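Contents: one structure, followed by commentary.
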Amino acid sequence: MSKRVSLTQYLVEQQREHGHIPGQLRLLIEVVARACKRISISVNKGALGDVLGSAETENVQGEMQKKLDIIANEVLIEANEWGGHLAAMASEEMEGIYVVPNRFPQGEYMLLFDPLDGSSNIDVNVSIGTIFSVLKRDDSSRPVSEADFLQPGRQQAAAGYCVYGPQTTLVLTVGDGVAMFTLDREQGSWVLTQDGIQIPEDTQEFAANMSNLRHWAPPMRRYIDECLAGTEGARGKDFNMRWIASMVADVHRILTRGGVFIYPWDKREPQKAGKLRLMYEANPMGFLVEQAGGAATNGQQRILDIQPDTLHQRVSVMIGSKNEVDRLTRYHHEAAQSSQL
Ligand code: AHG
Ligand code: MN
Ligand code: MN
């Protein structure tokens with residue numbers, strides 16, 4: 001039987017051999033993984049655990065919260081606040097940052113999360129997940145504030161997600177490639193099931209909510225039209241489409257077999273850059289996908305280079321196989337140039 005490597009072993013080896021993970025960061029990742037295990041137990045109970053349906057409350061984004069959005073948020077906070085590894089947390093489901101209470105020691109890291117991604121899929125028993133991002137404070141001499149969080153994604157110390165699907169899978173980067181762990185429910189442990197994940201540079205599969213196509217900018221429509229034209233069109237090949245409506249599950253497929261995920265700007269709400277959130281969704285996924293040899297852009301620039309202005313900032317997202325993302329960026333640049341002529 002081949003040797004099983006647990007998440008703890010993987011992290012200790014990263015710490016010892018590669019010097020990638022300071023002790024506090026290792027603890028942080030283990031605590032997040034433990035919280036995901038707890039969330040996964042609630043998800044699995046479904047109707048039996050009274051976790052389905054709406055909580056009848058609204059979050060800061062003006063979205064109705066599901067019971068599981070709130071449960072997952074609470075589990076992550078409760079698990080992380082006492083360990084001494086964090087200064088503060090920020091969540092898609094909370095208006096302001098959550099500073100670690102005085103009764104606990106404060107660490108130098110900050111944790112950001114989308115506690116439950118794909119909320120519209122909870123009640124229909126389709127894959128959902130948790131996405132997280134880790135930043136380090138630049139200056140620990142003054143009290144932690146929202147300004148400490150406003151760092152570009154390239155400064156993330158770690159990022160990852162957990163998919164609650166047919167299997168429960170944790171995918172992680174600490175800036176040294178991407179590793180995947182599968183939850184062994186009998187043992188209650190995370191087992192390394194893939195390391196050094198690489199996304200193929202080319203793909204024939206895209207993921208987009210096509211019902212919104214007519215509201216997108218011309219370069220976006222050009223890209224999709226060319227995909228749909230298949231072998232008879234400019235691309236000279238047929239494309240397949242998938243849309244799970246949980247970014248976490250769509251990105252998981254892309255990390256597994258390639259593809260491109262698109263959630264672009266929409267002219268119905270022109271002042272909004274997009275639907276997805278930079279700090280809780282685009283940055284952690286951008287870090288993971290780049291670490292696996294893919295790319296992530298908003299059409300104008302690399303996602304990880306965007307300087308955030310606010311915690312809940314939205315962004316247009318094109319992420320996945322490198323050559324498709326580069327093509328999308330080129331189409332956006334060409335459109336910008338021709339409108340200047
Ligand atoms: P969340 O559940 O955290 O609000 O995120 C949902 C996001 C993303 O995961 C998904 O890709 C997208 O919204 C789905 O949007 P549509 O409803 O347009 O399909
Ligand atoms: Mn989400
Ligand atoms: Mn969410």
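When a residue number appears, it is its place in the shown sequence, counting from 1. Just so we're clear, the structure is a prediction, and the values are computed from it rather than from any experiment. Ligands are counted one by one from 1 in listed order, and the atoms in each one are counted from 1 as well.
- Ionic pairing of E324 and R235 is present here: one or more N-O contacts between side-chain nitrogen and carboxylate oxygen are shorter than 4.0 angstrom.
- A salt bridge does not link K272 to D266: none of the charged side-chain nitrogens sits closer than 4.0 Å to a carboxylate oxygen.
- Nearby protein atoms of type N, O or S around the Mn ion (ligand 2) amount to 3 (distance under 2.8 Å).
- Hydrophobic clustering of Ile, Leu, Val, Met, Phe, Trp and Tyr side chains at less than 4.5 Å, counting indirect connections, unites M318 with I306.
- Judged by distance alone, with hydrogens and angles left aside, the side-chain atoms of Q61 form a donor-acceptor pair with the main-chain N or O of E92 at under 3.5 Å.
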Please walk me through it: do D117 and S246 pass side chain to side chain donor-acceptor pair (under 3.5 Å)?
CA-CA 6 Å; D117 178 67; S246 297; 5.0 Å; no
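- The pair E205-R257 meets the salt-bridge criterion, with a side-chain N (NZ, NE, NH1 or NH2) lying under 4.0 Å from an Asp/Glu carboxylate O.
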Before giving the answer on side chain to side chain donor-acceptor pair (under 3.5 Å), spell out for Q65 and E58 the whole-Å C-alpha distance, their side-chain angles and the decisive distance to 0.1 Å.
CA-CA 6 Å; Q65 291 177 302; E58 240 183 40; over 6 Å; no
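- Using a 4.0 Å heavy-atom criterion, the residues that approach ligand 1 are E63, E92, D114, L116, D117, G118, S119, N209, W243, A245, S246, M247, F261, Y263, K275, L276, R277, E281.
- Taking the six-membered ring where the residue is Trp, W243 and Y263 present tilted rings, their angle falling between 30° and 60°.
- For Y223 and F206, the distance between ring centers is not under 6.0 angstrom.
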